[in-house]
Amino acid sequence: MSFLDELNPIQYEAVTNINGPVMIIAGPGSGKTRVLTYRIANILKQGVDPYRVMALTFTNKASAEMRERIEKIVGAEARNLYMGTFHSVFARILRMEAEKLGLPRNFTIYDTDDAKSLLKTIIKEEGLNDKLYKASNVYYRISSAKNALITPEDYLQLEDWIEEDTQAGRPKIAELYAKYTLRCFKSSALDFDDLLMKTHQLLHKFPDVLYKYQNRFQYMMIDEFQDTNYAQYEIVRLLAAIHENICIVGDDAQSIYGFRGATIQNILNFEKDYPDLKIFKLEQNYRSTEYIVNAANNIIKNNQAQLKKKIFTEQLGGEKIKVYRTASDSDEARMVANAIFEQKMRLHIPHSEIAILYRTNAQSRSFEESLRRLNIPYKIYGGISFYQRKEIKDFIAYLRLTINPNDEEALKRIINFPARGIGQTSIDRMIVTANKHDVALWQMVDYPEGIEDLQGRGKALIKNFSIMMKSFRAMLPNKNAYEIADYIGKTTGIIDEYYKDKTIEGISKFENIQELLNGIKEYSMAEKQEYEEDEVRPENDLAAYLQQISLLTDQDDNNGDVTDRIKLMTVHAAKGLEFDSVYVVGMEEMLFPSALSVLSREDIEEERRLFYVAVTRARKYLTLSYALSRYKFGQLNYCEQSRFIDEIKQENIILYGQKQTTSPSQNSNFSKPEPKWYQSKIKEQAIASQQHSIPATLTKKSTADTKPNIEQAGSITTELKIGDKVYHDKFDTGKVIEIEGIGINKIATVFFNSHGNKKIMLKFAKLQILE
DNA sequence: AGATTGGCGCGTACG
DNA sequence: GCGCCAATCT
């Protein structure tokens with residue numbers, strides 16, 4: 001009995017064909033992780049050295065899960081696989097080869113905040129308008145360039161890129177990119193995108209290095225290939241060039257990260273680069289019932305850019321997909337909460353098997369309120385992670401600066417935190433002098449006498465700071481990470497700072513720092529990973545610790561999952577997950593699909609794939625909902641059913657709420673005009689997508705500013721409350737003065753302006769709540 | 001220097 | 001409608 005016996009015939013082929021280029025198209029719920037892990041296990045069972053197998057994923061979670069599952073089959077050997085995220089695997093290679101690129105091997109990895117903060121500094125130094133040159137904007141542009149392997153020198157020459165910047169009113173991006181790159185170099189820092197671009201440069205510029213790794217990596221596997229960008233693909237292609245045992249796994253229909261640089265073309269055109277490609281399509285869905293799989297197929301059929309496949313399931317029957325149409329966003333939230341409550345009663349599904357998925361994070365609020373009202377426990381996913389918190393970043397900045405004195409962003413964070421009298425003016429003077437002499441900022445801390453236009457007192461305070469930092473560095477050779485961190489916490493006063501603060505936030509910050517210290521302690525006490533003979537080891541324990549956490553997020557933190565709670569998250573965050581019951585909410589034009597996507601076919605297709613992802617998360621029960629009116633940016637907007645709902649065949653759906661009686665074309669209750677800034681953003685988007693899109697009218701909506709057509713806006717109002725203003729078909733408007741009964745048997749007493757008090761049974765009446 | 005208020009901006013997100 | 005940042009006050 002082999003582990004291979006657990007596979008269906010196509011899965012088996014995908015697992016056992018280990019040589020030559022292979023593409024595995026893995027539909028939703030098709031057993032992808034199993035195939036991937038078994039395939040690697042199978043390679044190892046053939047006697048291949050794990051050290052010669054590279055497996056790349058996008059998330060730490062995915063790689064940890066895979067490693068664990070492979071270890072179950074082949075044992076501890078799995079630990080020596082070259083497996084991890086693109087960023088962590090490439091960072092490891094870059095550290096080994098750092099000196100070739102003129103970097104110290106302790107280089108710092110700047111996260112997005114560090115990068116934006118540096119850009120902000122540079123924009124200010126250049127005297128540019130920071131309303132126009134927003135750090136996030138510039139960062140996005142630089143990131144796109146790096147993902148496309150465009151260096152600052154290239155950028156300065158690229159007419160179309162500069163033209164695009166000029167159109168957006170930001171012609172100086174290329175210069176900022178060049179300055180930013182220089183500044184990162186002076187800080188001995190690489191940002192996330194550099195980890196890819198510099199790896200490519202390393203392999204491209206140093207044939208001996210390329211040859212070494214090409215030879216070493218006999219087998220390569222890439223997960224979620226539809227999410228790769230140009231840089232990632234180029235690196236992989238270079239590395240696989242000798243053995244050509246490259247296996248990519250993915251699903252073009254689930255490509256939803258175009259906005260962060262992913263090119264769906266990588267998977268669509270893969271066959272062109274590897275004519276001998278063997279293709280295996282995992283089309284059997286083991287997750288969902290028939291209606292759900294059918295609906296998913298109905299939806300994705302409308303996309304042009306896709307590989308041919310037909311997903312099927314053997315789980316016939318099941319419940320049809322419910323579509324709830326409600327009068328307002330708050331109605332939608334109440335409706336969904338009630339439905340969850342009812343579903344829970346009827347089917348006894350654990351809370352944790354129910355998810356509410358939305359397009360934008362802002363939508364979570366109304367659901368929080370409605371769930372709380374019914375005492376349904378919930379957890380919102382997304383938001384800032386542990387390592388993003390200010391207090392954690394501050395503490396880590398001390399550790400970073402201890403390891404890498406050149407780290408300008410770490411230095412700026414903590415030189416005056418906790419307060420030690422080194423104000424913004426002093427820091428600005430330091431930066432000016434450092435730039436003038438073209439040295440790292442730390443040089444000025446080290447030699448404050450040289451800072452221009454600074455009082456003696458300021459210089460003395462900086463000197464003290466420098467002495468303190470040096471005392472930390474002196475501990476590196478013979479103290480472990482925890483001993484140093486503990487000492488830093490006590491010496492700098494950072495722990496006291498939060499200990500003194502007895503506000504709720506202060507206490508939480510104090511606890512977070514304690515948690516961080518516990519983590520460091522655990523790390524320092526733990527057995528360390530083994531390094532290959534030729535691998536450069538970190539100089540000391542603290543450096544090793546920092547290397548580990550700089551590429552970590554706490555997405556795989558399971559602390560919150562112990563309690564049985566409903567899960568609320570964006571559709572993006574739900575990718576790769578599954579639930580018994582899924583609610584996809586806000587199914588409206590201009591929301592899902594997003595208003596910013598309706599201008600180009602490519603963008604709409606990505607939204608459609610996103611909806612496809614949402615639908616295929618459900619095992620047994622799927623509910624879609626939308627509202628006819630919704631507050632957006634504090635403004636009431638009238639909404640129209642999402643085109644994606646229309647794409648699902650009627651036979652798979654049951655509609656709740658009244659049917660729309662008029663056709664959209666003669667209907668005037670659509671959108672108010674979007675706010676001005678939003679319109680201009682849409683226009684910007686239009687310019688950005690011009691090169692590759694079909695021209696489209698701005699929106700298909702009328703801009704008439706009319707009230708909703710109440711007759712057709714039927715809603716389900718079992719969640720009515722006293723004081724609500726309501727509309728009734730016969731009695732017109734009135735106010736709720738009493739509610740009796742439970743659930744659908746509720747009876748409301750309503751005082752109607754023209755008819756007086758009436759008792760209304762909610763399950764029959766079409767009461768409409770007016771906001 | 002630290003707290004408070006006013007104004008502006010608003011998509012989805014992994015390293 | 002809300003949260004974050006920056007300018008202003010104390």
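Sequence lines set the chain letters: A, B, ... in the order given, protein chains first and strands last, and positions in each chain run from 1.
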Between B/dG15 atom P and A/Met83 atom CE, what is the distance in whole Å? 15 Å
For the P atoms, the ones on C/dC4 and on B/dA13, what distance do you get once it is rounded to whole angstrom? 16 Å
Got a salt bridge between A/Glu224 and A/Lys32, using NZ or NE/NH1/NH2 to carboxylate O under 4.0 Å? yes
Have a look at A/Ser594 and say if it touches a base, only the backbone sugar-phosphate, or nothing, with a 4.0 Å heavy-atom cut-off. base
B/dG11, OP1 or OP2 - any side-chain N/O from A/Ser597 closer than 4.0 Å? no
Between B/dG11, B/dT12, B/dG2, which nucleotide has the shortest distance from any of its atoms to the side chain of A/Glu607? B/dG11
Could you verify whether a donor N or O on one side chain and an acceptor N or O on the other, from A/Thr108 and A/Asp407, lie under 3.5 Å apart? yes
Out of B/dT12, B/dG11, B/dG9, minimum distance to the side chain of A/Lys131 belongs to B/dG9
Heavy atoms only, 4.0 Å cut-off, all strands: where does A/Phe58 land among base, sugar-phosphate and nothing? sugar-phosphate
Between B/dG11, B/dA13, B/dG15, which nucleotide gets closest to the side-chain atoms of A/Phe192? B/dG15
Atom CG of A/Leu552 and atom C1' of B/dG15 are separated, to the nearest Å, by 10 Å
May I ask you to say what A/Phe86 touches in the nucleic acid, namely base, sugar-phosphate or nothing, with a heavy-atom cut-off under 4.0 Å? nothing
Just compare B/dA13, B/dG2, B/dG9 and give me whichever is closest to any side-chain atom of A/Lys134. B/dG9
Sorted by position of nearest nucleotide on DNA chain B, 5' first, the leading residue of A/Asn361 and A/Ser143 is A/Asn361
Has the side chain of A/Asn404 got a donor or acceptor atom that lies under 3.5 Å from a matching backbone atom of A/Ala410? no
Carboxylate-amine/guanidinium proximity below 4.0 Å for A/Asp252 and A/Arg609: no
No-hydrogen, no-angle side-chain donor-acceptor test under 3.5 Å, A/Ser143 and A/Asp193: yes
Can you measure A/Tyr257 atom OH to B/dG15 atom C1' for me and round it to whole angstrom units? 12 Å
Atom pair distance, as rounded to whole Å: CD in A/Glu606 and C1' in B/dG11: 11 Å
Output all residues satisfying side chain to side chain donor-acceptor pair (under 3.5 Å) with A/Glu497, sequence neighbours left out; order by chain, then residue number. none
Report yes or no: is there a donor-acceptor pair, N or O only, under 3.5 Å between the side chain of A/Thr112 and the base of B/dG15? yes
Kindly state whether the pair A/Phe259 / B/dT12 counts as stacked, where counting means centroids closer than 5.5 Å and planes tilted less than 30° apart. yes
For B/dC14, does either OP1 or OP2 sit under 4.0 Å from a side-chain N or O belonging to A/Asn229? no
Interatomic distance where CD belongs to A/Gln424 and C1' belongs to B/dG2 [whole Å]: 15 Å
Output the rounded distance in Å from CD1 (A/Ile256) to P (B/dT12). 13 Å
Residues A/Arg372, A/Glu368: salt bridge by 4.0 Å N-O rule: yes
In whole angstroms, how far is the P atom of B/dC14 from the CD1 atom of A/Ile109? 17 Å
Against the side chain of A/Asp193, the closest entry in B/dT12, B/dC14, B/dG15 is B/dG15
Heavy-atom protein contacts under 4.0 Å, nucleotides 1-6 of chain C, coded B base, S sugar-phosphate only, - none: BS---S
To the nearest Å, how far apart are A/Ile427 CD1 and B/dA1 P? 10 Å
When all nucleic acid strands are considered with a 4.0 Å heavy-atom cut-off, which category describes A/Leu551: base, sugar-phosphate, or nothing? sugar-phosphate
side-chain hydrogen bond (donor to acceptor under 3.5 Å, both in side chains) with A/Asp191: of A/Lys198, A/Lys146, A/Lys116, only one passes, and it is A/Lys146
